[in-house]
Amino acid sequence: MKILLLGPPGGGKGTQSKFLMSKFNIPQISTGDMLRSHVKNDTILGQKAKKYMEKGELVTDSLILEMMEVRFKEKDCINGFILDGFPRTIKQAEGLDNLFKKSNQKLNHVIVIDVEDDEIVSRMSGRRVHPESGRVYHIKYNPPIDEGKDDITNEPLIIRDDDKEETVRNRLLVYHNQTKPLIDYYNKNVITINGSQSIEKVKSNIIESIN
Ligand code: AMP
């Protein structure tokens, strides 16, 4: 099963991906997490990506597509995956189509998690992440068991640099200009879920739409 989650940054794609991962036993492929890991390990790709990420801008399409071509060849992708944060531009969607064509694959579900900009900004201020695993929490909506600590490892949670308000506003602008056109690109295959509902409700809406 191949699922694409679309929607604004901070709209809950990461949180919902984690549920889908365990329900369908397929990996979450988050380009954001992959890039952050490259930056952390100071790889050549990470060095190239860093300057865009800090400003909330998009990393170049060619860099992303090269990274994804390698990722799709990994063993864990055999039964499908959840795409979270990719594709983010029409160019990337076309690149993905080409990669899929080569191997006779296609997306089974395109799901948009829809949330208003102002709600995103207020949500982001409470967002905390566990940098090693990419697990995402929210101090109000999805708090960890122990305040400020990851549920699994008990390691400290952090606020990501790109979750600061100014960067968030820029990321939303980038979303509207460059990523939202993908909703038309995938057109009749798209299912839109109201992402302002509770995490549980969004989750059950997604599962229903898949079934
Ligand atoms: P995310 O965690 O998905 O919000 O991604 C964090 C940052 O990584 C974005 O603001 C971009 O700078 C970069 N990024 C992640 N995925 C992509 C992508 N598919 N194309 C371009 N840039 C990306």
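Counting starts at 1 for both ligands and their atoms, in listed order. All of these numbers come straight from a predicted model, not from anything done at the bench.
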Asker: Under a 4.0 angstrom heavy-atom cut-off, which atoms of ligand 1 come close to R160?
Answerer: 2 (O), 4 (O)
Asker: Give a yes/no on ligand 1: does K13 have at least one heavy atom closer than 4.0 angstrom to it?
Answerer: no
Asker: Could you find the nearest protein heavy atom to atom 12 (O) of ligand 1 and give me its residue, atom name and distance?
Answerer: E57 O, 2.5 Å
Asker: Looking at atom 22 (N) of ligand 1, what's its closest protein heavy atom, distance included?
Answerer: V59 N, 3.0 Å
Asker: If you round to the nearest 0.5 Å, how far is CD1 of I191 from CG of N205?
Answerer: 10.5 Å
Asker: Look up atom CG in D84 and atom CD in Q28, then write down how far apart they are to the nearest 0.5 Å.
Answerer: 5.0 Å
Asker: Ignoring angles and geometry beyond distance, decide whether L35 reaches within less than 3.5 Å of ligand 1 through its nitrogen or oxygen atoms.
Answerer: no
Asker: Do other residues, nucleotides or ligands put more than 12 heavy atoms under 6.0 Å from the CD atom of E119?
Answerer: yes
Asker: Among protein heavy atoms, which lies nearest atom 4 (O) of ligand 1, and at what distance?
Answerer: R171 NH2, 2.6 Å
Asker: Is there at least one pair of N or O atoms, one from P9 and one from ligand 1, spaced under 3.5 Å apart?
Answerer: no
Asker: More than 12 heavy atoms of other residues, nucleotides or ligands under 6.0 Å from NZ of K2: yes or no?
Answerer: yes
Asker: Taking distance alone, with N or O pairs closer than 3.5 Å, would you say D33 contacts ligand 1?
Answerer: no
Asker: Tell me the protein heavy atom at minimum distance from atom 1 (P) of ligand 1, and give that distance in Å.
Answerer: R88 NH2, 3.5 Å
Asker: Tell me whether the guanidinium CZ or amine NZ of K106 lies under 6.0 angstrom from the six-membered ring centre of F100 and within 45° of its axis.
Answerer: no
Asker: Please check if atom NZ in K18 has more than 12 non-hydrogen atoms from other residues, nucleotides or ligands closer than 6.0 Å.
Answerer: yes
Asker: Is a side-chain N or O of S17 found less than 3.5 angstrom from the main chain of K13, in a donor-acceptor match?
Answerer: yes
Asker: What's the shortest distance from atom 20 (N) of ligand 1 to any protein heavy atom, and which residue and atom give it?
Answerer: Q92 NE2, 2.8 Å
Asker: Please state which protein non-hydrogen atom is closest to atom 16 (N) of ligand 1 and give its distance, to 0.1 Å?
Answerer: T31 OG1, 2.8 Å
Asker: Heavy-atom distances under 4.0 Å are what count here, so tell me which part of R36 touches ligand 1: side chain, backbone, both or neither.
Answerer: side chain
